[in-house]
Amino acid sequence: MDANEEFKKGLEGIVAGNSKICKVDGENGRLWYRGYTIEDLAQNCSFEEVTYLLLYEKLPNANELKDFSAKLAGQREIPDRVLTLMKTFPKAMNSMECMRTAVSALAEGEPDARFAKMDVHMASALSMTAKFPTIAAYQYRLRNGMELIHPDKSLSHAANFLYMITGKKPTDVETRSIDMDFVLHVEHSFNASTFAVRVTVSTLSDMYSAMTTGLGVLKGPLHGGAAEAVLAMLKEINDVGNVDAYVDKALANHEKIMGIGHRIYKTTDPRAAILKKMAQELSSKKNDMKWFNICDSIEKKMIKEKNLHPNVDFYSSVVYHMLGMPNDMDTAIFAIARISGWSAHALEQYSDNRLIRPVDNYIGPLNLKFVPLAQRQ
Ligand code: COA
């Protein structure tokens, strides 16, 4: 490559592969999973249903959904050795560091992916999908010196997660809210963590390595880490009357407003639109509109100043807060949902694999005169 040849910083706009999983229309703010609109899926489906759709390429019928849900519910508990390991984690480890380490430790010597059949990868995907909420809830309770609440097979994926965190059986509204939030977070084409999962799989590494990669990439504040940063920002602003000054100062200092902006969406992120409605309804039910109103005001200001819109992490922070979720769990909740998309992409990559290995545009020197160690200044 010529040193002056143009490249796209951050791979913006680069097509990196074919996929049948998800379509994002950033110009018009539209999103489909396997051909179904996000609006239909969010309104009508559970996490289990959409996970089945992503993994098996069709919506399940009633029997298939029942079997699939039972299969997930039956493998939520984590091995004792992983729990023992989690008990050694320092309190300072944050939720994503705990999840990344515990998920990596779930592996038990995966078969060589050169010879493994697809059902081995599928089994690993289902096992981790079932266990992610348990790991997230256990690390939260361990870090806060609370008694562990073990998974309850009789509850749905969403309800069981809320139960393991709060210790209370959730209401229908709470369950439906977190379930819808999961559906909105499960998948989003070649985003950074999903692409990283595909790169990992393309080396014919195993599913546990791939999901551990996904967690490490999701954690960053420009990706899923923004979820936690939003509520911290709202608390710093604290009053709707402070929004203009806060945003003006941040923009003057070239700082990012968390939960705003997106590489693909040039208009409203359709997931944010659904989450905004949900945040408003939950806040109104709780008679606590403060955080929603701050968000709404930031949204208006950022559209006016920069024509930048809220992304999926913006109003979800208010949803989690209204559901009583601890703030430092926001990115972990994203991960609990996103493992479905990661798994679907891993399976798609395994099924038609070629090593992903781009090139760089080398801009350093060549043929420098070598100086032996003893003669170096
Ligand atoms: N706050 C303020 N300005 C922002 C911004 C934000 N959240 N997001 C983008 N911008 C501005 C940049 O400062 C830049 O302005 P400039 O051209 O005047 O220098 C321009 O928009 C392009 O930003 P850039 O970071 O190059 O866009 P990107 O496509 O690489 O980044 C994000 C996309 C999501 C990383 C970016 O919007 C961001 O950092 N958002 C906040 C973090 C976040 O919410 N992440 C979750 C994504 S789902």
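Counting convention: from 1, in listed order, for ligands and their atoms alike. Just so you know, these numbers come straight off a predicted model, no measurement behind them.
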Just which atoms of ligand 1 are under 4.0 Å from any heavy atom in Pro221? 42 (C), 45 (N)
Tell me which protein heavy atom sits closest to atom 23 (O) of ligand 1, plus the residue, atom name and distance to 0.1 Å. Lys256 CE, 4.4 Å
Would you find a donor on one side and an acceptor on the other, under 3.5 Å apart, between the side chain of Asp296 and the backbone of Phe292? no
The closest protein heavy-atom partner of atom 11 (C) of ligand 1 is Leu308 CD1, 4.0 Å
Which residue supplies the protein heavy atom nearest to atom 34 (C) of ligand 1, what is that atom called, and how far is it? Gly261 O, 3.7 Å
Where is the nearest protein heavy atom to atom 43 (C) of ligand 1: which residue, which atom, and how far? Ala226 CB, 3.5 Å
Structural part of Glu12 in contact with ligand 1, heavy atom criterion under 4.0 angstrom: neither
Students should be able to answer this: which protein heavy-atom is nearest to atom 27 (O) of ligand 1, and at what distance? Arg263 NE, 4.8 Å
Run the salt-bridge test on Arg76 and Asp152 with the 4.0 Å N-O cut-off and return the result as yes or no. no
Return a yes/no value: protein heavy atom under 4.0 Å from atom 14 (C) of ligand 1? no
Specify whether the nearest protein heavy atom to atom 9 (C) of ligand 1 is under 4.0 angstrom away. yes
What about Leu222: any of its N or O atoms under 3.5 Å from an N or O on ligand 1? yes
Heavy atom of protein inside 4.0 Å of atom 2 (C) of ligand 1, strictly below: yes
Polar-atom distance check: Glu255 versus ligand 1, any N or O pair below 3.5 Å? no
Whether the side chain of Asn191 engages the backbone of Ser189 through a donor-acceptor N/O pair (distance < 3.5 Å, no angle test) should be reported. yes
Give me the residue, atom name and distance of the protein heavy atom closest to atom 41 (C) of ligand 1. Ile260 O, 3.4 Å
Answer yes if a protein heavy atom lies under 4.0 Å from atom 20 (C) of ligand 1, otherwise answer no. no
Shortest non-hydrogen separation from Leu282 to Val173 and the atoms involved: CD2-CG1, 4.1 Å
Return yes when at least one protein heavy atom is under 4.0 Å from atom 39 (O) of ligand 1, and no when none is. yes
Considering distance alone, does some N or O of Asp313 sit under 3.5 Å from an N or O of ligand 1? no
Below 4.0 angstrom, counting only protein heavy atoms, does anything approach atom 25 (O) of ligand 1? yes
Judging by distance only, is a nitrogen or oxygen of Leu251 under 3.5 angstrom from one on ligand 1? no
Would you please say whether a donor-acceptor pair under 3.5 Å links the side chains of Glu64 and Tyr56? no
Closest heavy-atom approach to atom 47 (C) of ligand 1 among Val312, Val247, Asn311 is made by Asn311
Kindly assign one of parallel, tilted or perpendicular to the pair Phe47 and His157, based on the angle between their ring planes and the thresholds 30° and 60°. parallel
I need the nearest protein heavy-atom contact for atom 16 (P) of ligand 1: residue, atom name and distance, please. Lys306 NZ, 4.3 Å
Determine whether the side chain, the backbone, both or neither of His223 has a heavy atom under 4.0 Å from any heavy atom of ligand 1. backbone
